[in-house]
2 protein chains.
Amino acid sequence: MSKCEQCIAKQLNSLNSMTTEELKKVSACKTTRYYKKGDVIFDEGETLHGVFCVRSGVAKLTKLSANGKDQTVKLLGKGELLGQRSVISDERTNLSAVALNDIELCFVPKNEIVTPLHENQNFSFDVLQSLAKDLRPAEHDLINMAQKSVKQRMAETLIYIQHVFGVDSSGALNVILSREDYASIVGTATESAIRILSQFKKEKLIATSGKHITITDLEGLKRVE
Amino acid sequence: MSKCEQCIAKQLNSLNSMTTEELKKVSACKTTRYYKKGDVIFDEGETLHGVFCVRSGVAKLTKLSANGKDQTVKLLGKGELLGQRSVISDERTNLSAVALNDIELCFVPKNEIVTPLHENQNFSFDVLQSLAKDLRPAEHDLINMAQKSVKQRMAETLIYIQHVFGVDSSGALNVILSREDYASIVGTATESAIRILSQFKKEKLIATSGKHITITDLEGLKRVE
DNA sequence: CAGAAAACATGATAAAAATCATATTAAATT
DNA sequence: AATTTAATATGATTTTTATCATGTTTTCTG
C-alpha cells in the first residue's frame, strides 16, 4: 500500500504539518476507497468516523434545500479533505458528498486526526489557518449569489472550474458536469443553465460538444453581465 | 478597568478556554473602544493588529460587491469576535465592520491571541472547533440565497434577528435597522425590501412603527413563500 | 424651528429568471 | 440493434425582482 509520507495529495493540505511519526500512523490506519461516478460518499446528517482525502477524481458537496433542489456548495479535487469539519467540530455532516467521476479516496480514522490536533501544535495551527482561510471563499460565494446575475455566476463557474481543475489535451474543461450539475452550482433552474450555456456558445465564449466544454474567450466570459 | 476574567462577553466565545494567566495578560493589554452608530470599525483589505470582542451593541460585516452594492454577511452581538479570522490566517480583512448602533468593543492585540494559540492546546482546539462551526451557517446562507425567494429571505432575516438579538420591552426587535440595511442582508434592492416589509405589515405578519419592527405572527412568517 | 437631506413609500415599467410544454438528441439497457 | 430512458434544447408564458420615477414622511442640521 502507498505511504502517506510520500503522497503528493498530502502536500496540498494540512496533513503536511504532521510529524513523520504521525504520518506513519496515519499510513498504517488509512484505507483506500474507490467510488464510481454518482456514488454517495456520505450523506447529510451522517456521523463520520474519519476524514477522506482525495487522491484522484472530483467530488461535490451538496445540500438538499427545502424546495427539493440540490445546491452544490463546493467541488473538491486532489489533496482536498472531506469531512474535516464534522470531525473537528464533532457534529453530524451538514452536506452530502458525491463522486462526480470515478474517484479514489483515502479514509483516515478520526483518531489519527484528532489526537495529533491535541498534541502537535504545528499541525493544529496549520489546520486552524486552513479553516480560517476556508471562510473567505464561502463569503465570496454568498455575495456572488446575492449580487450577481445567473449569467455572471455561470461565467464565473466555468472560469473557476478551468482555473482549479484545468483542461485536457483538447483544451476542454477537465471536469465533466451535466447541465443539471451546473444548475446546482450556479443555483438556477436546469433549463436556465442549458439556455445560458447555449447562449455562451452562440456568442463564441465557449465551445461545447456534449458535456465537453471549452472556454474559447476567457476575457469575454469575464465581461459577462 | 474591567477585567476579562470576569467579563460576561468572554463566556460566549473561545476566550473562555484561556488559562487565568493568559486572561490576565489579555486584560492588561486590552483597550476598550467606543463607536457610534455608522462608524467604521475596520475596512476591507486592512491589516488588523488584533481582534475585537463585542461588549455591547451590534455590528455588521459587509462587503462592497462589484456592482457597488453592499452585502451584509453577518451581524455580530455581545461576545462575538471581530477580525479573529484575519488574525489567525494572517491575511488582510475580507470584510468591513460597521457599528449598527452605539457599540463598545474590547480590542485585544494580535499577540495575546496568537501566542496562546501556539501554547495552549485547549484554547487552540476550542478556536478550531468554533471556526469549524462557523462554516455551517455560511453554507446555510449560501443555500438560502440561491434557493429561496426574496420574500422568504426577508422573513427568515426577521426571525433570525428576533432569535439572536431578542425583543425590547414592547416586543419589537432589539436591533434597529434601516430598510436599506435589510436589503443589504437579504440581498435585494432597497425598494424591494421596503415593499416586502409593507406587504408583511398588510398581511399582519409584522407591525411596524418607523424603524421599529415587531413580529406579530411568527408562524405566518415561517410559512412565507 | 426652518430648510435640507435622508429614508420610506408606491406606482409603472422593464428585465431576469422560473415554469410549463414539447421536441430532439444522446446514453443506457435489454 | 432496437427500445427505453435520461439529458439537452428551445418556445411560450408567468412570476419574480430590479429599475426608474415621483411623492411623502422622517430625521438631521444650522
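The sequence lines fix the lettering, A, B, ..., with proteins before strands; numbering per chain opens at 1. Heavy atoms only: backbone and side chains are in, while hydrogens, waters and symmetry mates are out. These numbers come from a predicted model, not from an experiment.
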Specify the separation, in whole Å, of atom [atom1] of [X] and atom [atom2] of [N].
| X | N | atom1 | atom2 | value |
| --- | --- | --- | --- | --- |
| B:His212 | C:dA7 | NE2 | P | 16 Å |
| A:Ile196 | D:dT8 | CD1 | P | 15 Å |
| B:Met154 | D:dT17 | CE | P | 11 Å |
| B:Gln199 | D:dT17 | CD | C1' | 13 Å |
| A:Arg153 | C:dA17 | CZ | C1' | 10 Å |
| A:Gln147 | C:dA16 | CD | C1' | 15 Å |
| A:Lys211 | D:dA7 | NZ | P | 7 Å |
| B:Leu197 | C:dA7 | CG | C1' | 13 Å |

Would you indicate which nucleotide in [options] comes nearest to any side-chain atom of [X]?
| X | options | value |
| --- | --- | --- |
| B:Ser149 | C:dA9, C:dT10, D:dT17 | D:dT17 |
| B:Ser178 | C:dA18, C:dT10, C:dC8 | C:dC8 |
| B:Glu191 | C:dC20, D:dT19, D:dA9 | D:dT19 |
| B:Arg179 | C:dC8, C:dA17, D:dT8 | C:dC8 |
| A:Ser192 | C:dA17, C:dA9, C:dG11 | C:dA17 |
| A:Ile194 | C:dT19, D:dT10, D:dC20 | D:dT10 |
| A:Val150 | D:dA9, C:dA17, D:dC20 | C:dA17 |

> Quick one: does A:Leu95's side chain get under 4.5 Å of B:Glu139's, heavy atoms only?
Replying inline: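 When only atoms from C-beta onward are counted, B:Glu139 and A:Leu95 do touch, with a gap below 4.5 Å.
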> With no hydrogens and no angle check, do the side chains of B:Glu91 and B:Ser89 hold a donor and an acceptor under 3.5 Å apart?
Replying inline: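 There is such a pair (donor and acceptor under 3.5 Å, judged by atom type) between the side chains of B:Glu91 and B:Ser89.
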> Step by step, would you call B:Asp43 with B:Ser96 a side chain to side chain donor-acceptor pair (under 3.5 Å)?
Replying inline: CA-CA 4 Å; B:Asp43 246 317; B:Ser96 309; 3.2 Å; yes
Could you tell me whether the phosphate oxygens of [N], OP1 or OP2, come under 4.0 Å of any side-chain nitrogen or oxygen in [X]?
| X | N | result |
| --- | --- | --- |
| B:Thr190 | C:dA7 | no |
| B:Ser198 | C:dC8 | no |
| B:Lys201 | C:dA9 | no |
| B:Lys69 | D:dT19 | yes |

> Would you say B:Asp39's side chain and B:Ala99's backbone share a donor-acceptor pair under 3.5 angstrom?
Replying inline: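 Here the side-chain-to-backbone pair does not exist.
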> Pick one: which of A:Leu128, A:Leu135, A:Asp134 meets side chain to side chain contact (heavy atoms under 4.5 Å, CB included) with B:Arg85?
Replying inline: A:Leu135
